[in-house]
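What follows is a single structure, written as structure tokens, with notes after it.
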Amino acid sequence: MKIATWNVNSLKVRLPQLLSWLTEEAPDVVCLQETKIEDKFFPCAEITASGYHACFSGQKTYNGVALLTRDAPSEVVFGNPLYPDEQKRLLTATVRGICVVCAYVPNGQSIGSDKYAYKLEWLDALAGWLAGRLAGHRQLALAGDFNIAPEDRDVHDPLAWAGQILCSEPERAAFQRLLSLGLQDSFRLFAQPERSFSWWDYRMLGFQKNHGLRIDHVLLSAPLAARCVVSGIRRDMRKLERPSDHAPVVTEWTD
DNA sequence: ATGGTAGCCGCGCTA
């Protein structure tokens with residue numbers, strides 16, 4: 001099974017790129033973040049024509065997540081049952097017996113801000129819910145935009161970013177707590193190029209200078225990690241005209 | 001030097 005996660009930064013703008021990428025990459029499951037589209041405007045016809053089922057939880061202008069699946073999803077869960085949240089950031093479904101959780105973790109804006117507190121609270125609630133979820137779903141994948149660079153090697157300039165948003169110790173501790181539930185960072189199961197990132201700021205020639213961070217992840221429970229065969233970042237997608245600021249992350253395991 | 005770009009909706013907010 002091949003799973004991908006991609007923060008599209010507007011599904012409306014990125015739809016042509018998404019459709020051609022689906023054809024080329026042929027993932028079984030795609031987790032999308034920052035769709036920024038209300039459910040009534042979701043491009044169901046185009047997605048269906050590409051051979052995918054879709055479930056989605058969107059809102060105007062901000063946030064929004066979607067799951068595209070080759071096989072029909074079941075047991076769809078909107079949001080975190082333990083954490084009522086107006087912001088559409090979490091979507092879970094079961095596909096081919098695997099529980100797939102699509103997450104758009106809050107950015108946090110800056111250390112000490114209200115949004116930072118919300119980010120840590122949101123992550124705490126996610127871990128709390130996943131702990132129970134994993135008990136009944138041993139095959140589980142958590143994929144999305146975590147807005148956390150787990151280690152210094154995931155940051156283009158660790159000194160400049162030390163203690164900053166996306167890199168602070170409380171955020172990294174929250175990421176480690178997710179791993180402590182029994183999840184593994186699929187990207188790090190394999191040798192990877194140095195300076196591998198999944199997001200580059202639109203500003204200051206961030207991509208051209210490879211001034212990026214690895215903040216998009218696919219975490220796998222032990223039974224899936226044991227069968228995982230490859231994980232990589234589709235950096236080339238960031239080179240397209242009018243790109244998302246994120247590149248897709250693609251992970252595959254044997255059935 | 002607190003800049004810069006993109007997307008949204010509207011002329012600011014979020015990332």
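Proteins come first, then strands; the chains are lettered A, B, ... in the order of their sequence lines, and each starts at number 1. Just so it is clear, the model here is predicted, and its values are computed rather than measured.
- Whole-Å rounding puts the A:F41 CZ to B:dC8 P distance at 13 Å.
- What separates CG of A:D114 from P of B:dT14 is a distance of 11 Å, to the nearest Å.
- Judged purely by distance below 3.5 Å, without hydrogens or angles, the side chains of A:H156 and A:W200 never pair a donor atom with an acceptor atom.
- The residue A:R89 sits close only to the backbone: its heavy atoms come under 4.0 Å of sugar-phosphate atoms, none of a base.
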Donor-acceptor contacts under 3.5 Å from residues 173-182 of chain A side chains, at least two apart:
| unit_1 | atom_1 | unit_2 | atom_2 | d |
| --- | --- | --- | --- | --- |
| A:R177 | NH1 | A:D124 | OD1 | 2.4 |
| A:S180 | OG | A:R177 | O | 2.6 |

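- None of A:T254, A:V29, A:D71 except one satisfies the side chain to side chain contact (heavy atoms under 4.5 Å, CB included) rule with A:M1; the exception is A:V29.
- What separates CG of A:N7 from C1' of B:dT14 is a distance of 12 Å, to the nearest Å.
- Proximity of A:R203 to the phosphate of B:dT2: no side-chain N or O atom is located under 4.0 Å from OP1 or OP2.
- Looking at heavy atoms from C-beta onward, A:K60 lies out of side-chain contact with A:F41 at the 4.5 angstrom threshold.
- As a whole-Å value, the separation of A:L205 CG from B:dA6 P is 10 Å.
- Taking only side-chain nitrogens and oxygens, A:R242 never comes nearer than 4.0 Å to OP1 or OP2 of B:dT5.
- Residue pairs meeting the side chain to side chain donor-acceptor pair (under 3.5 Å) criterion with at least one partner in residues 24-34 of chain A, sequence neighbours excluded, are A:K2-A:E25, A:T5-A:Q33, A:N7-A:E34, A:W21-A:E25, A:E24-A:R234, A:E25-A:R234, A:D28-A:R96, A:E34-A:Y104.
- Rounded to a whole angstrom, the distance from the C1' atom of B:dT2 to that of B:dA15 is 16 Å.
- A gap of 26 Å separates the C1' atoms of B:dC11 and B:dA1, to the nearest Å.
- For DNA chain B, the neighbouring residues in residues 101-110 of chain A, judged by any heavy atom under 4.0 Å, are A:Y104, A:N107.
- A:K119 is not listed as a side-chain neighbour of A:N107, based on a closest heavy-atom distance of 4.5 Å or more.
- Taking atom P in both B:dG3 and B:dG12, the straight-line distance is 14 Å, to the nearest Å.
- B:dG7 atom P lies 10 Å from atom CD of A:Q17, rounded to whole Å.
- Taking atom CZ of residue A:F207 and atom P of nucleotide B:dA6, one finds them 14 Å apart after rounding to whole Å.
- For A:N63 and B:dT14, the CG to P distance is 11 Å, given to the nearest whole Å.
- Map A:D245 and A:K60 each onto its nearest nucleotide of DNA chain B; the residue landing nearer the 5' end is A:K60.
- Distances shown here put a side-chain N or O of A:K115 below 4.0 Å from the OP1 or OP2 atom of B:dT14.
- Rounding to whole angstrom units, CG of residue A:N9 and P of B:dC8 are separated by 8 Å.
- Closest to the A:Y202 side chain, of the nucleotides B:dT14, B:dA15, B:dT5, is B:dT5.
- Nucleotides B:dT5 and B:dC9 have their P atoms positioned 22 Å apart, rounded to a whole Å.
- The phosphate of B:dA6 has neither OP1 nor OP2 within less than 4.0 Å of any side-chain N or O from A:S10.
- Formation of a donor-acceptor pair under 3.5 Å by the A:S221 side chain with backbone atoms of A:L140 is found in this model.
- Salt-bridge annotation for A:D152 and A:R172: present, with a side-chain N of the basic residue lying under 4.0 Å from a carboxylate O of the acidic one.
- Among the nucleotides B:dC8, B:dC13, B:dG4, the one closest to the side chain of A:Y62 is B:dC13.
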